[in-house]
Amino acid sequence: MRHYSERMEAGLVSDAHSLLWFSLDLRLDDNPALHRALAEAKRGESAVIPVFIWAPEEEAPWQPGAASRWWLHQSLKALQAALEGHSSRLIIRRGPTAETLLALAAESGAKSIFWNRRYEPAMIAREGEVKRRLAERGIAAESCPGNLLFEPGTILNANGKPFQVFTAFWRACLAAATPAQPSAAPERIPAPATWPQSAAISELDLEPRIDWAGGLHETWKPGERSASAQLRAFLGSALESYSTDRDRPDYRGTSRLSPHLHFGEISVRRIWHELCGAHPAAEPYLRQIVWREFSNHLLFHYPQTPQEPLRPEFRAFPWRMDSGSFDAWTQGRTGYPLVDAGMRELWHTGWMHNRVRMVAASFLVKHLLIPWQAGAAWFWDTLVDADLANNTLGWQWSAGCGADAAPYFRIFNPELQRQRFDPDGDYVRRWIPELESDYPRPVVEHGFARKRALDALAAMRGQ
């Protein structure tokens with residue numbers, strides 16, 4: 001019999017013994033589950049079968065939104081091509097996940113299954129169920145840490161409690177052990193003699209059938225190679241001035257890596273170590289990476305927060321759901337140019353500059369008193385970087401009801417924000433060509449809205 005290394009060189013191994021379940025981290029570089037599966041395959045002279053399972057109902061009530069589904073479709077195509085370049089392929093199946101993995105194990109003779117962990121409440125429950133079901137059949141199941149720098153539960157305050165203030169969390173992360181160096185993608189992935197049947201990606205019906213899909217295609221190129229190219233572009237052009245330019249929506253001053261990070265097309269460890277040695281100017285961006293960690297740790301410790309405010313007193317806040325005002329906000333017709341430009345950018349590209357996100361979110365919850373959950377749901381459906389932890393923390397921060405939240409009495413003046421961060425009006429004019437002609441009047445006057453918001457806060461506090 002040929003030595004294993006020779007059989008692996010040929011790209012063909014007769015017995016398939018490990019499944020690599022791509023739960024979300026859609027990359028080959030620095031993929032801990034992939035490396036564990038390869039180590040198991042080498043030990044047992046067996047193969048690795050990569051698989052993606054589409055089971056959106058298992059993510060309820062936060063199934064992937066329309067923009068996320070579009071991105072996923074493109075990212076799966078990129079992953080499929082990358083695997084084929086490594087003498088492998090991607091098996092596509094529909095859920096339920098546990099039953100599908102069991103069926104694939106029976107078809108392939110797999111005795112072990114590896115994947116990278118996720119931390120959304122529904123995903124934690126799903127992974128627990130998968131492990132239980134696999135153990136009942138005698139199949140080894142191992143989840144790996146591939147999505148974060150620090151596992152939730154490892155960064156705690158002096159009392160062993162979760163941090164609720166970002167600055168303290170940031171300092172604790174810097175004091176913790178340095179995240180491991182990223183590992184390179186393998187040269188080859190050992191393949192089985194016979195592949196299980198697979199659905200086509202197109203059969204998952206992920207691509208939207210609405211007009212804005214064209215804007216997504218114009219703006220983004222999902223996939224691991226594009227994520228790596230975007231990181232290189234950021235390091236070479238925008239990083240040095242990031243601390244000042246990141247707040248300017250009229251500049252291309254941000255990394256635009258957020259959707260690639262959410263879908264795991266690039267490793268957060270890869271970003272961390274690339275930036276740590278890049279330039280003294282890297283710290284402001286590294287803080288954003290740790291803000292992402294903060295949001296995931298909070299979601300892990302407070303799984304109710306996608307629906308409920310972290311600060312319980314906000315359950316009594318006198319929100320008012322005005323469908324007309326909400327529609328004006330979603331369509332970019334509030335009469336406030338910076339808010340409307342951001343909402344139109346979101347609809348066309350599936351993305352919005354972070355400074356504008358804060359202004360638009362603040363406007364919804366403080367000028368219109370519309371519940372933050374309504375805004376979070378809209379962002380969830382329309383953002384290509386929709387991430388449950390980030391989305392939740394961002395909206396609770398804007399509403400003043402979450403961890404490290406902006407004080408509720410701090411109410412952005414959208415016009416002053418425009419003057420400060422889009423001083424020449426380039427961003428606004430790009431998205432609102434009718435600004436000087438047929439632009440709507442403000443849906444609410446700022447002074448009135450500010451007083452109403454402060455009165456609502458006083459009412460909540462019983463003053």
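Worth saying up front: this structure is predicted, and the values here are computed from it rather than measured.
Of the possible donor and acceptor atoms, none in the side chain of Thr349 sits under 3.5 Å from a partner among the backbone N and O of Leu346. Under the 3.5 Å distance criterion, the side-chain polar atoms of Thr254 are left unmatched by any main-chain donor or acceptor of Arg246. Between the side chain of Arg357 and the backbone N or O of Met352, at least one donor-acceptor pair lies under 3.5 Å. Glu265 places a side-chain N or O within donor-acceptor distance of the main-chain N or O of Gly223, the cut-off being under 3.5 Å. Within the 3.5 Å criterion, the main-chain N or O of Ala376 finds a donor-acceptor partner in the side chain of Asn391. With hydrogens and angles disregarded, no donor-acceptor distance shorter than 3.5 Å links the side chain of Trp170 to the backbone of Arg287. Remark: the backbone N or O of Ala377 is not paired with any side-chain donor or acceptor of Asp381 at under 3.5 angstrom. No donor-acceptor pair under 3.5 Å is formed between the side chain of Glu313 and the backbone N or O of Arg461. Arg315 places no side-chain N or O within donor-acceptor distance of the main-chain N or O of Glu308, the cut-off being under 3.5 Å. In this structure, the side chain of Glu151 does not engage the main chain of Thr154 through any donor-acceptor pair within 3.5 Å.
Here CG of Leu19 is found 10.0 Å from CG of Leu102. Values are rounded to the nearest 0.5 Å. A distance of 9.0 Å separates CZ of Phe114 from CG of Leu20, quoted to the nearest 0.5 Å. Here the CE atom belonging to Met343 is positioned 8.0 Å from the CG atom belonging to Leu364, to the nearest 0.5 angstrom. Atom CD1 of Ile53 and atom CG of Leu101 lie 3.5 Å apart (nearest 0.5 Å). To the nearest 0.5 angstrom, Leu26 atom CG is 12.0 Å from Gln80 atom CD. Interatomic distance, OG of Ser267 versus CD of Glu274, reported as 10.0 Å (0.5 Å rounding).
Under 4.0 Å is where a charged nitrogen must lie from a carboxylate oxygen, and between Asp426 and Arg430 no such pair does. The pair Glu127-Arg117 does not meet the salt-bridge criterion, since no charged nitrogen lies less than 4.0 angstrom from a carboxylate oxygen. Between Arg94 and Glu203 there is no salt bridge, since no side-chain nitrogen of the basic residue lies less than 4.0 Å from a carboxylate oxygen of the acidic one. Looking at Arg248 and Asp422, no side-chain N of the basic residue comes within less than 4.0 Å of a carboxylate O on the acidic one, giving no salt bridge. A salt bridge is defined here as a Lys NZ or Arg NE, NH1 or NH2 lying under 4.0 Å from an Asp or Glu carboxylate O, and Lys131 with Glu142 fails to meet this definition. A salt bridge links Arg27 and Asp25; the closest N-O separation between the charged side-chain nitrogens and carboxylate oxygens is under 4.0 Å. Salt bridge Arg126/Glu129: absent, no basic N to carboxylate O contact under 4.0 Å.
Around atom CD of Gln288, more than 12 heavy atoms belonging to other residues, nucleotides or ligands sit under 6.0 Å away.
Side-chain atoms of Arg93 and Thr100 form no donor-acceptor pair, as typed in the model, at a separation below 3.5 Å. Defined by atom type and a distance below 3.5 Å, a donor-acceptor pair is present between the side-chain atoms of Tyr439 and Asp340. Remark: the Tyr427 side chain and the Glu345 side chain contain an N/O donor-acceptor pair separated by less than 3.5 Å. Under 3.5 Å, the side chains of His217 and Trp70 contain a donor-acceptor pair of N or O atoms. For the residue pair Thr305/Gln396, the side-chain donor-acceptor check at 3.5 Å is not satisfied. When only modelled atom types and interatomic distance are considered, Gln63 and Glu58 share no side-chain donor-acceptor pair under 3.5 Å. In this model, a donor atom of one side chain and an acceptor atom of the other lie less than 3.5 Å apart for Arg232 and Ser228. Asn116 and Asn31 are linked by a side-chain donor-acceptor pair at a separation below 3.5 angstrom, with hydrogens and angles left out of the test. Tyr302 and Gln164 form a side-chain donor-acceptor contact under 3.5 Å, judged by distance and modelled atom types alone.
Put simply, the side chain of Leu368 does not reach to within 4.5 Å of the side chain of Asp322, judged on heavy atoms. Taking 4.5 Å as the limit, some side-chain heavy atom of Pro414 sits within range of a side-chain heavy atom of His446. Within the 4.5 Å cutoff, no side-chain heavy atoms of Leu148 are placed close to those of Arg118. For the pair Met123/Glu59, a side-chain contact is recorded, criterion being any heavy-atom separation below 4.5 Å from C-beta on. Within the 4.5 Å cutoff, the side chain of Val444 has no heavy atoms near those of the Ser325 side chain. A heavy-atom distance below 4.5 Å is found between the side chains of Arg133 and Glu99. Considering only heavy atoms from C-beta on, Leu104 stays 4.5 Å or farther from Ile49 through its side chain. Here the side chains of Phe314 and Trp372 are not in contact, with every heavy-atom distance at 4.5 Å or above.
Taking the six-membered ring for Trp and the full ring otherwise, His297 and Phe169 have centroids separated by under 6.0 Å. Residues Tyr285 and Phe234 place their aromatic rings such that the two centres sit under 6.0 Å apart. For Phe363 and Tyr336, the ring centers are positioned less than 6.0 Å apart.
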Report the C-alpha separation of Phe166 and Trp291 in whole Å, then their side-chain angles, then the decisive distance to 0.1 Å, and conclude whether the ring-ring contact (aromatic ring centres under 6.0 Å, His included) test is met.
CA-CA 7 Å; Phe166 172 72; Trp291 179 266; 5.3 Å; yes
For salt bridge (charged side-chain N to carboxylate O under 4.0 Å, His left out), just list the numbers for Glu434 and Arg344, CA-CA rounded to whole Å, side-chain angles, deciding distance to a tenth of an Å, and then say yes or no.
CA-CA 13 Å; Glu434 79 279 18; Arg344 296 186 193 189; 2.8 Å; yes
Apply the test side-chain contact (heavy atoms from CB on, under 4.5 Å) to residues Cys173 and Phe150: give CA-CA distance (whole Å), side-chain angles for both, the deciding distance (0.1 Å), then the verdict.
CA-CA 8 Å; Cys173 288; Phe150 306 99; 3.7 Å; yes
Let's go through Arg269 and Asp30 carefully: what are the C-alpha distance in whole Å and the side-chain angles of both, what is the deciding distance for salt bridge (charged side-chain N to carboxylate O under 4.0 Å, His left out) to 0.1 Å, and is it a yes or a no?
CA-CA 8 Å; Arg269 294 192 303 189; Asp30 192 37; 2.5 Å; yes
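In plain terms, the two heavy atoms of Ala55 and Gly95 that are nearest each other are CB-CA, 4.0 Å. Scanning all heavy atoms of the two residues, the minimum distance from Phe409 to Leu457 falls at N-CD2, 4.4 Å. The shortest heavy-atom contact between Leu90 and Ser198 is O-OG, 3.6 Å. Smallest separation of non-hydrogen atoms from His273 and Pro179: NE2-O, 2.8 Å. When all heavy atoms of Ala386 and Ser68 are compared, the closest pair comes out as CB-OG, 3.7 Å.
In this pair, Trp351 and His353 present their aromatic rings perpendicular. The plane angle is above 60°, beyond the 30 to 60° band. Aromatic ring orientation, Trp395 versus Phe379: perpendicular (interplanar angle above 60°, classes split at 30° and 60°). The aromatic rings of Phe263 and Trp71 sit parallel to each other, their planes meeting at less than 30°, with 60° as the upper class boundary. His260 and Trp220 have perpendicular rings, their planes meeting at more than 60° on a 0 to 90° scale where under 30° would count as parallel.
A side chain to side chain donor-acceptor pair (under 3.5 Å) with Ser258 holds for exactly one of Asp385, Asn354, Asn390; it is Asp385.
Remark: Arg355 qualifies as a cation-pi partner of Phe421 under the 6.0 Å distance and 45° angle criteria applied to the six-membered ring.
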